[in-house]
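Notes to accompany the following structure.
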There are 2 protein chains.
Amino acid sequence: MPKREGTTIAGRRDPKTRVKPTLDEIAERANTSRSTVSRAFSRPDLLNPKTVAQILAIAEEIGYRPNNMARALSTGRTGNIGLLVPDIANPFFPPLIKAIQSQADALGLCLFLGSSGESGARENTLFERLAGQTDGIILASTRLSEAQVRTHAARHPITLINRDMVGLPRVLIDTQAAVMEAVGFLAENGHRHIAYLSGPKESWSNQQRMEAATEACRRTEIRLSIIPLSEPSFEGGETAAEQAVAAGVTAILAFDDLTAQGAHARLSALGVAIPRDISLIGCDDALPAMTYPALSTLSGLSQEAGRHALKLLCDAIEHRDGSQDMKVVLGARFILRDTAGPAPSEPRADPIPVNDRNR
Amino acid sequence: MPKREGTTIAGRRDPKTRVKPTLDEIAERANTSRSTVSRAFSRPDLLNPKTVAQILAIAEEIGYRPNNMARALSTGRTGNIGLLVPDIANPFFPPLIKAIQSQADALGLCLFLGSSGESGARENTLFERLAGQTDGIILASTRLSEAQVRTHAARHPITLINRDMVGLPRVLIDTQAAVMEAVGFLAENGHRHIAYLSGPKESWSNQQRMEAATEACRRTEIRLSIIPLSEPSFEGGETAAEQAVAAGVTAILAFDDLTAQGAHARLSALGVAIPRDISLIGCDDALPAMTYPALSTLSGLSQEAGRHALKLLCDAIEHRDGSQDMKVVLGARFILRDTAGPAPSEPRADPIPVNDRNR
DNA sequence: AAGCTATTTGCAACCGATTGCATAAGTCAA
DNA sequence: TTGACTTATGCAATCGGTTGCAAATAGCTT
């Protein structure tokens, strides 16, 4: 039995000595029962309007706030949702989190946020902790295996962002077409050897991009060097950029904007001019025009993704029966800004090409 | 009575038809009572080790997860904490959120995140919603009035970040000395008229910075133009930068890094070279080296702030009695990078000064 | 005034845990 | 064998709500 303020009388605690007002206190003051007070909030249509008014007035007066946890225990609905991301500090996520938070807010839902630090194990732990106190969870760019995700999905409503699994509600930002556009642009501008800075293996987005880049390079007969990032961070981008330079590429396609910025910084430090010597293209448009020169990238759509994800999650929570296969695909585009241009050997405005374009 | 899976028998629901395992199910299988099972988790020292082992084995076998909300209802402890920020997307906050999340995680606490969109009203609503299901709440850069904060603090443990209120636990990032350093640097480099892009009125940080800038300019006899930002965002910075140019300043001190980046973008678009024509200094070091050229700024310390804040909050939750006046102050420093330099009329490496430095 | 339906309310059993108190079992000395 | 202590366990109340069902009251009809 919890030790708290208030003395005990027959039945429940004496309302007068209680600190936080409860239904019972209102009931006593209104000279009615707990059930009636409860209904004044949840089903006022069942009650005499005068009764409702009186109860609401008293509630207001003593500053009553319904206890969410007690309600959840009784109804099985918590009014909370969870969001798990690999890394809050990665600029791709804040806009997404913001979109979800703000929409959840509008729906009267509270948001739990977890950052797994790119670790599947931590993501699992967080999921377990949150599963008990949420109605559903959104996994953004999950690093979990398909089996793990399915296990969780069997016990708790889930929506995925940037992970394609049949049977689960999911929102996908499709960057394949955009990657092809980007490679196409590079091909047309004389690039013959480019690098792709590859992100986490577990990342669906990374797989998609790598696949698209490979295919596009095959078609345009461009040589592609795939350089794995030690981690999808600014520092990872710095290191990888150096390897790209060593490989002798004229353009770099980075896993995301953060690594692209890391690459940018390192290249600049090495005296490599962008885009004169090397063209640089990011992904996600997470640092919109926040960089100078403005980074060429693939449009992000993280906010739209967040909105759709919450919508799908709510649907999934509603009719838990329906194992309907909901899938929303958002198409990204290539955004040409100032960090990508012609290959160095092919001067921009020079009427006389120095090199043979088809060598 | 909630309608759920499972048939009802005398007393509680029939454990066999239940979906989520509860204490009762374990109790039945272990042929013991609910209390014993409960103690096997919370006070195993009170039990026969063999009993504990058996119970844990069964729990493991059937995949038992304690119901957090039931526990919270009974103990009054939720194991959750809340964090309210004005804008998740402002790059100052993600590192702070990340630090808090990761430490909360280590303590086994779950984190609710709310973004108020710079609105005090929404912040209030969020607070109300979270108060019922958290043990305490951290308010980062709150936009609430002192009275509002005190009202909340009277009912719920609170810790403040970047808001100085006597009697409440708070973590302050003191940028005044850093602002003075920055202004000092500008003075020494020949700047005679600078602008401060001023953030939200409710922001303590903004008040601090404005105050320090005013004082430093008075001492160094620099003219200071205070330009209020329409909002503390990239766009706000763009607009304000234009006004700063119109005012004819040679240096800009921005409320934070985000607005500084906005200013940077607009200045570049206007053909103003940085730092040749105008020096630019941000605040918070939120975009560390993520910009090019690297932004001069005041060190952020948001992660340290987050860590301290969670620590203070936990203390406040422990001994709720103690209205001890805890205050942690972190001192920021001026970080000179590439966007600040000599005033334009005073050439950097020119051995023959064109203007009189002491004019 | 009796009969019947429609509205309002209250009773009491839940939700899934925790925990004060009492009882049962085990240990040991006399 | 028995009383005095420990040590382990169980009983049952409690946290603060929700809700199925039944009882009470009100409103109409004839």
Side-chain angles (χ1 to χ4, degrees), chain A residues 1-15 18-28 30-52 54-55 59 64-79 132-133, chain B residues 1-15 18-28 30-52 54-55 59 64-79 132-133:
Chain A
M1 217 173 311
K3 227 178 288 169
R4 291 204 225 154
E5 309 83 345
T7 50
T8 302
I9 56 168
R12 302 196 156 223
R13 199 132 47 54
D14 179 2
R18 197 172 286 141
V19 182
K20 288 220 168 186
T22 67
L23 284 187
D24 284 306
E25 174 153 7
I26 301 184
E28 174 161 306
N31 210 17
T32 174
S33 73
R34 199 164 54 238
S35 358
T36 300
V37 178
S38 171
R39 279 190 270 258
F41 293 100
S42 47
R43 299 291 315 272
D45 52 302
L46 290 179
L47 262 43
N48 184 328
K50 276 171 60 182
T51 314
V52 175
Q54 187 202 9
I55 291 177
Y64 168 75
R65 305 265 177 261
N67 181 323
N68 225 313
M69 321 208 81
R71 175 178 304 187
L73 187 55
S74 186
T75 61
R77 275 302 197 83
T78 64
Q133 35 193 346
Chain B
M1 217 174 309
K3 228 178 289 170
R4 291 203 226 157
E5 308 83 345
T7 49
T8 303
I9 58 169
R12 304 205 151 218
R13 197 130 49 54
D14 177 3
R18 196 173 288 142
V19 183
K20 289 222 168 185
T22 68
L23 284 187
D24 283 305
E25 174 153 8
I26 302 183
E28 174 162 306
N31 210 17
T32 174
S33 73
R34 197 160 60 236
S35 353
T36 301
V37 179
S38 171
R39 280 189 269 257
F41 294 102
S42 48
R43 298 290 316 270
D45 53 300
L46 290 179
L47 264 42
N48 184 327
K50 275 171 59 181
T51 314
V52 174
Q54 185 200 11
I55 290 177
Y64 168 77
R65 306 266 175 260
N67 181 323
N68 224 314
M69 321 208 81
R71 182 187 312 227
L73 187 55
S74 187
T75 61
R77 275 301 197 85
T78 64
Q133 35 194 344

Starting at atom [atom1] of [X], determine the distance to atom [atom2] of [N], rounded to an integer number of angstrom.
| X | N | atom1 | atom2 | result |
| --- | --- | --- | --- | --- |
| Asp24(A) | dG17(D) | CG | C1' | 9 Å |
| Met69(B) | dT18(D) | CE | P | 13 Å |
| Leu73(A) | dA13(C) | CG | C1' | 13 Å |
| Lys50(B) | dG26(C) | NZ | C1' | 13 Å |
| Ile55(A) | dG17(D) | CD1 | C1' | 14 Å |
| Arg71(A) | dC15(C) | CZ | P | 19 Å |
| Leu23(A) | dA12(C) | CG | C1' | 15 Å |
| Arg65(B) | dA17(C) | CZ | P | 12 Å |

Quick check: closest heavy atoms across [X] and [Y], and the distance to 0.1 Å?
| X | Y | value |
| --- | --- | --- |
| Arg34(A) | Asp24(A) | NH1-OD1, 3.1 Å |
| Met69(A) | Met69(B) | CE-CE, 3.4 Å |
| Phe41(B) | Ala59(B) | CZ-CB, 3.8 Å |
| Ser38(B) | Leu23(B) | CB-CD1, 3.8 Å |

Item to check | Sequence neighbours excluded - salt bridge (charged side-chain N to carboxylate O under 4.0 Å, His left out) pairs with any residue from residues 66-76 of chain A | outcome: none

Sequence neighbours excluded, which residues qualify as side-chain hydrogen bond (donor to acceptor under 3.5 Å, both in side chains) partners of [X]?
| X | answer |
| --- | --- |
| Ser42(B) | none |
| Arg77(A) | none |
| Asp45(B) | Arg43(B) |

Item to check | Any residue meeting side-chain contact (heavy atoms from CB on, under 4.5 Å) with Thr36(B), in chain and number order, not counting sequence neighbours | outcome: Thr32(B), Ser33(B), Leu47(B), Thr51(B), Ile55(B)

Next on the checklist: Between Ser38(B) and dA17(C), is there a contact of a side-chain N or O with OP1 or OP2 at under 4.0 Å?
Outcome noted: no

Checklist entry - Going by modelled atom types, is there a donor-acceptor pair between the base of dG17(D) and the side chain of Ser74(A) at under 3.5 Å? => result yes

Checklist entry - Contact class for Arg77(A) (heavy atom, under 4.0 Å): base, sugar-phosphate, or nothing? => result nothing

Next on the checklist: Applying a 4.0 Å non-hydrogen cut-off, can you work out what Phe41(A) is touching in the nucleic acid: base, sugar-phosphate, or nothing?
Outcome noted: nothing

Item to check | Summary of protein contacts for nucleotides 6-11 of chain D, nucleotide by nucleotide, where a base hit scores B, a sugar-phosphate-only hit scores S (4.0 Å, heavy atoms) | outcome: --SBBB

List, with names and distances, any nitrogen or oxygen atoms from the protein found under 3.5 Å away from nitrogen or oxygen atoms belonging to nucleotides 25-27 of chain D.
none

